[in-house]
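Accompanying notes for the structure given below.
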Amino acid sequence: MFKKILIANRGEIALRIIQACRELSIRTVAVFSTADRDSLHVTYADEDVCIGPGPSAHSYLNISAIISAAEITGAEAVHPGYGFLAENAGFADALRECKIKWIGPSPDSIRLMGDKSRARKTAREAGIPVLPGSQEALSSADEARALASRVGYPVILKASAGGGGRGMRIVHGPEELEQQLQTASEEAAVAFGDGSIYLEKYLVEPRHIEFQILGDRYGNVIHLGERECSIQRRHQKLLEEAPSSALTPELRLSMGEAAVRLARHVGYQNAGTIEFLLERTGSFYFMEMNTRIQVEHPVTEMVTGVDLVKEQLRLAWGEKLTIRSGLQARGHAIECRINAEHPETFRPSPGKVETFHPPGGPGVRVDTHVYEDYVIPPFYDSLVAKLIVHAADRPEAIRRMERALDFFVIEGIDTSIPLHREIVRDDRFRRGDVSTRFMERFRPQKSAPKLVGV
Ligand code: ADP
């Protein structure tokens, strides 16, 4: 096993990776920006290296600074976590050239599945259902118009290089198309450095269901069941569950089989997630693949008992998979993403945390890097904690989440806790009657997909 790895990330996921490394007796190197000097990932890592000032472009996205840190400290591999450089094939290539291992899939897999329009094409080749729409990135407004009238409005325009719920526009009729395409492309060019856009049919009330995949270098690929991620605001996940109350055993089998088939088709190694949209009719469509660990991985860990980060480390080291595909989920798990933001306007709320009392007790897990007096820097994602509960069944898990949210005290900043309290007490949520539009009806204007800006 690796003796020392570098973690090219911050916040709760950096800590999560340190925990897994400690249990596997792997030494850890933290990298940090000057804004993160007092962060727990720096405290808990065995070694730490400052890689630049607060803004991500100068620190957590600074490939040469991170590689230098790995070389100086003699780290054998890099774990990228999620966000930042986690899906940057160029970074994985650069590490390989420096003989540093990448804890993730091959750069080729990242290229193949990381570009969303290319991934659609790959999925189609593997015989997986994809939504009607572009074969490749759009080359002109005329092409978009012809395609949209063929698949029928509404359609959604997406940035091929997009992510994090950004860079999407819903188009309701032909009169909006050309203008939306132009703005979407300009904005994608600025935000992602790539203005290519593709188009697909917009489903009005689907569920977001995703499958956790693991692959080893010997061609074995398994799935570890699904996560239901339909509760979203502005196309970003707020609450996730495993298993999904929408899946019959037959549907779980066929979606899981499709996910494994696609991962096998691209020779996928390490952990990844295949995302689908599911209609009420039971039709499902490939949406995208994330070639990294997901924020919501703990719900899968709770119901399968598998430590996904340890698996990533073992697989990157070259061990063979020993877990069986489609393990029967044990009980039910729910995760609430606690963000430092106003619960109604969703405006970020960085600043000093005056009081921090996470809940505990049976079946409660809190993944966080926050502590009392910690100052949340303004530069990064607003996630401050993931509150995860596990119980024998969904009603008990909901009850447990209610009390855990009631016992979670964070003062000094605004958080999404009040919003999560409302969600878990909502009748429709309790019945499992959810879709990606759930929050929109719950909080009309505020949660609607953001139509401007990427
Ligand atoms: P990102 O990579 O930015 O997360 P995704 O392609 O995964 O973007 O989509 C994020 C969310 O946007 C989905 O979970 C869903 O709510 C919504 N969405 C994306 N594509 C469609 C579609 N074709 N129809 C309806 N909703 C969609």
Side-chain angles (χ1 to χ4, degrees), residues 79-82 86-89 92 101-131 160 163 208-229 240 242-244 247 251-278 284-297 299-301 303-304 306-329:
H79 194 308
Y82 54 71
E87 290 179 281
N88 187 316
K101 288 225 168 78
W102 169 254
I103 300 166
S106 69
D108 286 346
S109 294
I110 302 177
R111 278 196 190 91
L112 203 55
M113 302 311 284
D115 177 293
K116 295 166 78 165
S117 66
R118 242 177 118 184
R120 268 170 61 85
K121 192 169 169 210
T122 314
R124 217 180 292 115
E125 284 163 10
I128 313 299
V130 295
L131 282 163
S160 303
H208 173 125
I209 307 278
E210 59 184 36
F211 276 74
Q212 177 67 53
I213 293 290
L214 291 176
D216 67 18
R217 63 166 71 153
Y218 312 97
N220 303 303
V221 178
I222 63 155
H223 78 80
L224 286 175
E226 81 280 5
R227 293 185 285 261
E228 159 90 57
C229 309
E240 301 96 348
S244 164
L247 297 200
L251 196 50
R252 179 168 297 118
L253 208 65
S254 59
M255 292 179 82
E257 190 272 327
V260 167
R261 181 145 40 97
L262 178 53
R264 206 169 267 151
H265 181 77
V266 297
Y268 197 82
Q269 294 177 23
N270 216 276
T273 295
I274 299 200
E275 299 189 339
F276 295 104
L277 289 179
L278 171 69
F284 63 89
Y285 305 93
F286 168 77
M287 187 165 51
E288 67 161 346
M289 178 167 198
N290 289 322
T291 54
R292 54 169 167 80
I293 193 84
Q294 304 267 103
V295 176
E296 59 275 21
H297 76 273
V299 291
T300 301
E301 294 186 324
V303 297
T304 59
V306 173
D307 182 321
L308 288 168
V309 180
K310 279 192 194 168
E311 284 307 314
Q312 286 192 290
L313 291 157
R314 291 191 184 112
L315 293 168
W317 178 247
E319 287 185 22
K320 241 189 187 149
L321 267 173
T322 52
I323 308 161
R324 212 158 38 77
S325 198
L327 276 182
Q328 181 75 28

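For the single chain, residues carry numbers from 1 onward in sequence order.
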Assess the residue pair T300 and V306 against the criterion (side-chain contact (heavy atoms from CB on, under 4.5 Å)); give the C-alpha distance rounded to whole Å, side-chain angles, the decisive distance to 0.1 Å, and a yes or no. CA-CA 8 Å; T300 301; V306 173; over 6 Å; no
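- If you take OG1 on T304 and CG on L327, they are separated by 6.5 Å, rounding to the nearest 0.5 Å.
- In this structure, K101 NZ and W317 CH2 are separated by 6.0 Å, a value rounded to the nearest 0.5 Å.
- Remark: side-chain polar atoms of Y218 are not paired, donor with acceptor, to backbone N or O of E319 under 3.5 angstrom.
- The NZ atom of K320 lies 12.0 Å from the CZ atom of R217; values are rounded to the nearest 0.5 Å.
- Separating the CD1 atom in I323 from the CZ atom in R314 is a distance of 8.0 Å, to the nearest 0.5 Å.
- Remark: side-chain polar atoms of D216 are not paired, donor with acceptor, to backbone N or O of L315 under 3.5 angstrom.
- Annotation: the span from M289 atom CE to T122 atom OG1 amounts to 10.5 Å, rounded to 0.5 Å.
- No more than 12 heavy atoms of other residues, nucleotides or ligands sit less than 6.0 Å from atom NZ of K121.
- In terms of heavy-atom proximity, G256 sits nearest to F211 at CA-CE2, 3.5 Å.
- In this model, a donor atom of one side chain and an acceptor atom of the other lie less than 3.5 Å apart for R292 and Q294.
- Between R227 and the choices I209, T273, V303, the side chain to side chain contact (heavy atoms under 4.5 Å, CB included) rule is met once, by T273.
- Side-chain contact between E210 and E296 is present, with at least one heavy-atom pair separated by less than 4.5 Å.
- Taking the side chain as every heavy atom from C-beta outward, I110 and W102 approach each other to under 4.5 Å.
- Judged by distance alone, the side chain of Q269 and the main-chain N or O of S106 form no donor-acceptor pair under 3.5 Å.
- One N or O on the side chain of Q212 and one on the backbone of G272 form a donor-acceptor pair closer than 3.5 Å.
- Across all non-hydrogen atoms, the minimal contact from S109 to G267 is OG-O, 4.3 Å.
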Step by step, work out the side-chain contact (heavy atoms from CB on, under 4.5 Å) result for E228 and L247. CA-CA 10 Å; E228 159 90 57; L247 297 200; over 6 Å; no
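- In this structure, CG on L308 lies 4.5 Å from CD on E301, to the nearest 0.5 angstrom.
- Looking at heavy atoms from C-beta onward, L278 lies in side-chain contact with L251 at the 4.5 angstrom threshold.
- Side-chain atoms of E226 and M255, non-hydrogen and from C-beta on, never get closer than 4.5 Å to each other.
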Checking side-chain contact (heavy atoms from CB on, under 4.5 Å) for the pair R324/I222: CA distance, chi angles, key distance, verdict? CA-CA 7 Å; R324 212 158 38 77; I222 63 155; over 6 Å; no
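- With E275 contributing its side chain and H208 its backbone, the two residues share no donor-acceptor pair below 3.5 Å.
- Put simply, the side chain of R264 gets close to the backbone of V221: a donor and an acceptor are under 3.5 Å apart.
- The closest donor-acceptor contact from the side chain of R120 to the backbone of L131 lies under 3.5 Å.
- Residues I274 and A259 approach most closely at CD1-O, 3.3 Å, considering heavy atoms.
- In this structure, the side chains of I128 and F276 come closer than 4.5 Å at one or more pairs of heavy atoms.
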What's the verdict on side-chain contact (heavy atoms from CB on, under 4.5 Å) for T291 and Y268, showing C-alpha distance, side-chain angles and the deciding distance? CA-CA 9 Å; T291 54; Y268 197 82; 3.6 Å; yes
